[in-house]
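Quick notes on the structure that follows.
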Amino acid sequence: MYKYPVAEPEIGEEELKNVIEAVKSGWVSSKGKFIEEFENLFAKYIGVKYGVATSNGTAALHLALAALDIELHDEVIVPDLTFAATINAVLYVGAKPVIVDIDPNYWCLNPSKLREAITSRTKAIIPVHLYGHSCDMDTIMETAECHGLYVVEDAAEAHGAEYKGRKVGSFGHVACFSFYGNKIITTGEGGMCLTNDEELAEKMKTLRDHGMDPKKRYWHNVIGFNYRMTNLQAALGVAQLSKIEEFIEKKRRIARLYAEGLSSIEGITLHPEMPWAKCVYWLYSILINEEKTGITKDKLAEKLQNCGIETRNIFYPLHEMPPYKKYAKLSYPASSAISRKGLSLPSSVKLSEEDITYITQKIKEAIS
Ligand SMILES: Cc1ncc(COP(=O)(O)O)c(C=O)c1O
């Protein structure tokens with residue numbers, strides 16, 4: 001246990017009250033008033049018509065791709081720098097992932113590399129809003145439209161993040177969110193698909209529930225999954241959602257404090273925020289230039305660990321890992337460099353100004 005963990009949920013009385021109400025109601029599985037309430041409120045918050053709550057974010061991605069009929073021999077473009085769930089969902093539907101490099105300036109899918117990767121078999125693009133920073137959605141949507149491709153936004157880490165003043169998750173044909181315990185808001189485990197397409201929303205609801213015909217119980221026209229969210233999870237989610245703006249403000253304040261404390265250190269690159277983006281800094285991450293700072297990333301992490309400060313490596317590039325290597329047909333200089341240098345710092349909304357001052361002080365001491 002660290003005194004300063006990378007992420008920690010903030011769960012209060014409102015959450016407790018809702019969960020107790022759900023337990024007392026007896027609706028502890030996937031029926032109950034909180035599920036629809038959470039779906040409607042979250043969809044409204046992002047600015048999309050329909051929400052389909054799921055058991056986790058990975059299930060949301062799988063459900064979205066299955067509902068879009070993506071299958072064997074189709075190609076789906078994913079960024080090299082992301083959590084494995086993004087590419088796993090493509091593999092679950094039997095499609096071929098095409099791994100594309102990121103933009104080194106904001107660490108998300110590189111739109112010009114994306115264009116080069118499109119073939120006659122490409123069916124969809126999964127832009128990932130990494131660490132709470134938006135992708136370049138105008139360029140991605142234009143490219144998708146031009147080639148007739150689906151866009152499935154992976155917004156697991158970016159609740160409330162914005163692109164040109166509009167919330168991410170409102171651009172693609174479907175957007176998928178995660179509510180895992182370390183996310184901006186949590187339902188314990190949980191996820192959601194959002195879409196403006198009513199038919200697609202209904203299809204995702206059917207597939208989420210074993211493919212059961214909604215008008216004829218226990219009759220199955222298609223093979224589905226059990227990807228339902230429970231009423232207990234949704235009860236937690238409704239209470240968390242009422243605090244989302246407060247959480248985002250806290251994340252942005254933490255980012256400002258880190259930037260103030262670390263900007264003078266030569267060899268440290270701060271977490272980016274492009275002029276067109278509002279980043280929600282899911283995990284505030286820095287890049288360490290080992291030559292300039294005179295310390296390796298591992299050594300810095302070890303020194304911080306000795307002071308009770310947890311850090312986390314930025315994701316390993318997909319193209320380097322055993323199950324995904326065979327899908328790496330392009331070059332990946334940006335994701336390789338960012339992953340090699342990147343370290344995520346404690347980003348929990350529970351951290352105070354004094355905590356951040358202490359952490360930045362320890363980083364300075366470790367480097368000098
Ligand atoms: C980018 C990204 N996509 C998908 C997921 C999957 O979400 P879950 O852990 O809820 O299955 C995560 C979770 O950490 C993620 O970071």
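None of these values were measured; they are calculated from a predicted model. Only heavy atoms go into these numbers, but all of them, side chains included; no hydrogens, no water, no symmetry mates. Atoms within a ligand are numbered from 1 in the order they appear, just like the ligands themselves.
With Thr54 contributing its side chain and Arg228 its backbone, the two residues share no donor-acceptor pair below 3.5 Å.
Salt bridge present: Lys250 and Glu246 bring a charged side-chain N and a carboxylate O closer than 4.0 Å.
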N/O donor-acceptor pairs under 3.5 Å from side chains in residues 256-269, not counting sequence neighbours:
from	atom 1	to	atom 2	distance (Å)
Tyr258	OH	Pro346	O	2.7
Ser263	OG	Ala259	O	3.1

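The residues lining ligand 1, counting any heavy atom closer than 4.0 Å, are Asn56, Gly57, Thr58, Leu61, Thr82, Phe83, Ala85, Thr86, Val128, Asp154, Ala156, Glu157, Ser178, Lys183, Gly190.
Under the rule for a side-chain hydrogen bond (donor to acceptor under 3.5 Å, both in side chains), Lys303 has no partner lying at least two apart in sequence or in another chain.
Using the six-membered ring where Trp is involved, Phe38 and Phe42 have ring planes that are tilted, between 30° and 60° apart.
Identified under the side chain to side chain donor-acceptor pair (under 3.5 Å) test for residues 78-92, with sequence neighbours left out: Asp80-His319, Asp80-Ser335, Thr82-Thr86, Thr86-Asp154, Asn88-Tyr324.
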